[in-house]
Amino acid sequence: MWSRYLFGVVDFFVKLRDNRTHMPFFEAEIKTWEDYLRAYERSERSNAEFWAAVADTFHWYERWHTVVEGDFARGEARWFSGARTNLCYNGLDRHLPDLAQKPALIWEPNDPQDASVTLTYEQLYQQVCRFSRVLDQLGVKKGDRVCLYMPMIPEAVVAMLACARIGAVHTVVFGGFSTAALADRINDAQCKLLITADGAFRGDKIVPLKFMADRAFFDCLSVEATVVVRRTGEEVNLAANEYWWHEEMEKQTPERPAEILDAEDPLFILYTSGSTGKPKGVLHTVGGYMTYVGYTFRNVFQPKKDDVFWCTADVGWITGHSYAVYGPLLNGATTLIFEGVPHWPDGGRLWDVCDKHKVNIFYTAPTAIRSLMTFGDKQFENKSLATLRTLGSVGEPINVEAWEWYHQKVGGGKLPITDTWWQTETGGIMIAPIAGITPAVPTYATFPLPGIFPVLLDGAGKEQKYEGPTVYGNLCISKPWPGLARTTYGDHKRFVETYFSTYPGYYFTGDGCFRDEHGYRITGRVDDVVNVSGHRIGTAEVENAINEHPTALESAVVGFPHEVKGQGVHAFVLVVETPEHPEKLADEIRAEVVKNIGSFAKPERITFVQGLPKTRSGKIMRRILRKIAAGQTDDFGDVSTLLDPAVVHDIAGLKYY
Ligand code: WTA
């Protein structure tokens, strides 16, 4: 009774404070361990109230009438119904009164000899307005899909924000994807406009983006116009409906009001791989994504007023969307984007960039760390790294050695690693230490952010509650949160089947996970997705590409442990007879994968087999192939359901190419 009364009093003051200032308060600003616990407890008590308080830290033209509605268990939770807002407005216009002259975007080019570029909030705003007008001029309307196939240059950020400004839906395709993969995505999303560049510099190479896009067009009838950024100087012939970025920008004025959008209007589609079939277009919406990404950025990374934040991810991946672009800008922070690669011109490139731009918060993937570990200490010669305060990791499990190296060599033994677990579908970081506030433990993503409710379920759907000894299970989320994707574009059934059918009532992440006193430790995918250098690759996609080769009757692809990439791709290819020139055939098969997906998905190892371990019902028993690929051939477990158990030992004895 008394405690109820006390809560009532506290709530009254909290509400009073909300009404008075409409400014961030503890849900949105976690500054101490107590704040964290209090915010978590409050989110447990009332999820809707909690998220409303977080959402209140943004600008809404009209506030919501309902915070969350719809059935989460059926993938139908919808957020901030009735509310109207604009993410671009929140990321730019809202900051102009105070931050017009503050750097919003720092761009470091591929070649260290070239000049970097800094755009203030005002300059970025003006460019975004101009490009919004270019989009208007080209007939792009609210809801139209726009494909970006671009290098890491400021124009990519400008184009994303301009789409957000006018309500067009961007779909960014990573520049490492092949022509065929680009065409698939453009067709699936029925993009009306393509924005690309003559080429992309990547270390000492040039990727001819426009040339690749031209070839995609034979199959892409939806594209009505193309805008091309001049970057590398590759020769480009512009057709009638193709325009140079710089020429179109010059014609426009630097003002263009932000479109007033519904909270549930689509913001972007991003293609990602799953267990089966083609990549799916994960769709995020304006209000929920904005709220979640803004909230997670400021709490997980704890940016200070003049910090420079550097997320090394390409904008072609979700990490680039959420933490190179939207998260920092929503918080009025300075974000750095880098066009180049970590190893060129030498292994110290990333550290030079940190020193040159006085980076305070650095966020990268374990694969980058592991590959830099092979360069030795020379990479740190003449580097200070003195401005770094927070180090983050994302994309795959970080092993102890990589964690320690990152902590010791980059963090001078002082900076812990903020290991952030999340996914394209979750919109933003879900489980992670709060930098400098909650403990960081090697290999652990530790604890969920307030508002996020993970559970571990076993194969039968039974909750594995942590009550002392370590538990293990499949990681699921039990309550809705605003950042969750709303659907897979054009196929809601697939969305429900993929994420909400394995465990009724829960969002299923596809990851396995331990839970002990340090929190959650994610072990990696439990489905047929391979994570190579932090890139999600669906084994079915690689198999389809391999099967395009006339000699491949069938194939089965699995991941194997790889020292640098985390996992590598191992393909078992069924052929009628042992090839005469296996190396040559292996190269041809790799070329099919490069052509259909991109070189990052290339199988590192190919074994030619005359039989695959299939069950009597015709399913490939991948568990066995995974063991063979990992070199664990002493015990295959129960193989009694196999059609031909002898095949296992035949394969185990074969060489790979
Ligand atoms: C994996 C990237 C362990 C995981 C943001 C997940 C991680 C998939 C971590 C999503 C981490 C991501 N520790 N594993 N800190 N972060 N993963 O959609 O398997 O490209 O399901 O999103 O990456 O990859 P995606």
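Counting convention: from 1, in listed order, for ligands and their atoms alike.
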Check your understanding: Has Arg515 got its NZ or CZ under 6.0 Å from the middle of the six-membered ring of Tyr472, at an angle within 45 degrees of the ring axis?
Key -> no
Check your understanding: How would you list, by chain and number, every residue that makes a ring pair (Phe, Tyr, Trp, His ring centres under 6.0 Å) with Phe58, sequence neighbours excluded?
Key -> none
**Study point:** pair Phe309-Val359: side-chain heavy atoms closer than 4.5 Å
**Key:** no
Check your understanding: side-chain contact (heavy atoms from CB on, under 4.5 Å) with Phe362: which of Thr312, Thr390, Val353?
Key -> Thr312
Review point. Does Glu425, backbone or side chain, put an N or O under 3.5 Å from an N or O of ligand 1?
Key: no
Review point. Can you tell which part of Ile318 has a heavy atom less than 4.0 Å from ligand 1: side chain, backbone, both or neither?
Key: side chain
Point to revise | Note, Asn360 side chain near Phe301 side chain (heavy atom, < 4.5 Å) | key: no
Review point. Do Thr319 and ligand 1 have an N or O pair less than 3.5 Å apart?
Key: no
Review point. If you round to the nearest 0.5 Å, how far is CG of Leu87 from CG of Asp265?
Key: 12.0 Å
Practice item. Please confirm whether Thr272 comes within less than 3.5 Å of ligand 1 when only nitrogen or oxygen atoms on both sides are compared. Key: no
Practice item. Could you check whether the rings of Phe174 and Phe177 sit parallel, tilted or perpendicular, using 30° and 60° as the cut-offs? Key: perpendicular
Check your understanding: For ligand 1, is there an atom lying under 4.0 Å from some heavy atom of Trp422?
Key -> yes
**Study point:** ligand 1 N/O within reach of Thr509 N/O, cut-off under 3.5 Å
**Key:** no
Exercise for review: Please write down residue, atom name and distance for the protein heavy atom closest to atom 24 (O) of ligand 1.
Suggested key: Arg536 CD, 3.2 Å
Review point. Could you go step by step and tell me if Thr335 and Tyr323 meet the side-chain hydrogen bond (donor to acceptor under 3.5 Å, both in side chains) rule?
Key: CA-CA 9 Å; Thr335 183; Tyr323 300 108; over 6 Å; no
Check your understanding: In the protein, what heavy atom is nearest to atom 3 (C) of ligand 1, and what distance, to one decimal place, separates them?
Key -> Pro397 N, 3.1 Å
**Study point:** Arg370: which of Glu396, Glu563, Glu401 passes salt bridge (Lys or Arg N to Asp or Glu O under 4.0 Å)
**Key:** Glu396
Study note, to complete from the structure: Ile522 heavy atoms within 4.0 Å reach ligand 1 at atoms 3 (C), 14 (N)
Check your understanding: Just going by heavy-atom distances, which of Gly395, Gly524, Cys513 is nearest to atom 23 (O) of ligand 1?
Key -> Gly395
Review point. What atoms in ligand 1 come closer than 4.0 Å to a heavy atom of Val394?
Key: 5 (C)
Review point. Aromatic rings Tyr289 and Tyr326: how do their planes relate, parallel, tilted or perpendicular, breaks at 30° and 60°?
Key: perpendicular
Point to revise | Per-atom contacts, ligand 1 versus Asn531 - under 4.0 Å to a heavy atom | key: 1 (C), 23 (O)
Practice item. May I ask you to identify, for Glu396, whether its side chain, its backbone, both or neither come under 4.0 Å of ligand 1 on a heavy-atom basis? Key: backbone
Study note, to complete from the structure: ligand 1 atoms nearer than 4.0 angstrom to some heavy atom of Thr424 are 18 (O), 20 (O), 22 (O), 25 (P)
Practice item. Kindly confirm or rule out an N or O of Arg525 lying under 3.5 angstrom from an N or O of ligand 1. Key: yes
Check your understanding: Can you list the atoms of ligand 1 that are under 4.0 Å from a heavy atom of Asp511?
Key -> 4 (C), 6 (C), 19 (O), 21 (O)
